[in-house]
Amino acid sequence: QVQLVESGGGLVQPGGSLRLSCAASGFTFSTYAMTWYRQAPGKERELVARITATGGSTNYADSVKGRFTISRDNAKNTVYLQMASLKPEDTAVYSCNARRWDQEYWGQGTQVTVSS
């Protein structure tokens, strides 16, 4: 059974930091590119950060460059999103995605709320 389970979300003050984790199982994690997406109420889902299967390349949304870092530990079947200098506009449900060719899996998401 394929599973992607996000964790680490919560309430944080503006300027604070948070680390999200996505634990994968049921597929060969090390061969899949991993992506973090986010969606706020009433808005379209947007790509936040992506990392290739080997971890050799990353890309980020312009809005998070310099503040967020995506990483992966293939030995632990886990991808992370380290978020710093958080802003209220970062508030959203963050979901992780695994993709290899046309095969794609999604987690259920974790809520991040940035508020004072």
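In this structure a side-chain-to-backbone donor-acceptor pair under 3.5 Å is missing from T113 to L11. A donor-acceptor contact shorter than 3.5 Å is absent between the side chain of Q39 and the backbone of V93. Between the side chain of N59 and the main chain of V48, no donor-acceptor pair closer than 3.5 Å is present. One N or O on the side chain of T91 and one on the backbone of V114 form a donor-acceptor pair closer than 3.5 Å.
Of all heavy-atom pairs between M34 and A98, the closest is SD-CB, 3.5 Å. Minimum heavy-atom separation, A49 to L81: CB-CD1, 4.1 Å. Closest approach of T78 to S21, counting heavy atoms only: CG2-CB, 4.3 Å.
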Side chain to side chain contact (heavy atoms under 4.5 Å, CB included) between S95 and Q108, worked out: CA-CA 6 Å; S95 301; Q108 293 298 305; over 6 Å; no
Evaluation steps, side chain to side chain contact (heavy atoms under 4.5 Å, CB included), between L20 and V112: CA-CA 9 Å; L20 305 183; V112 173; 3.9 Å; yes
Side chain to side chain contact (heavy atoms under 4.5 Å, CB included) evaluation trace for K87 with V64: CA-CA 10 Å; K87 306 174 181 179; V64 308; over 6 Å; no
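For Y105, the ring pair (Phe, Tyr, Trp, His ring centres under 6.0 Å) partners are F27, Y32, not counting sequence neighbours. Looking at residues two or more places apart in sequence or on another chain, you find no ring pair (Phe, Tyr, Trp, His ring centres under 6.0 Å) involving F29. Residues passing the side chain to side chain donor-acceptor pair (under 3.5 Å) test with S85, sequence neighbours excluded: none.
Side-chain atoms of R99 and N97 include no donor-acceptor pair closer than 3.5 Å.
For residues 45-54, the side-chain hydrogen bond (donor to acceptor under 3.5 Å, both in side chains) pairs, not counting sequence neighbours, are T35-R50, Y37-R50, R38-E46. The stretch residues 54-95 participates, sequence neighbours left out, in no ring-ring contact (aromatic ring centres under 6.0 Å, His included) pair at all. Residue pairs meeting the disulfide (SG to SG under 2.5 Å) criterion with at least one member in residues 7-116, sequence neighbours excluded: C22-C96.
Looking at heavy atoms from C-beta onward, S115 lies out of side-chain contact with P88 at the 4.5 angstrom threshold.
Between D62 and K65 there is a salt bridge, since at least one side-chain N of the basic residue sits less than 4.0 Å from a carboxylate O of the acidic one.
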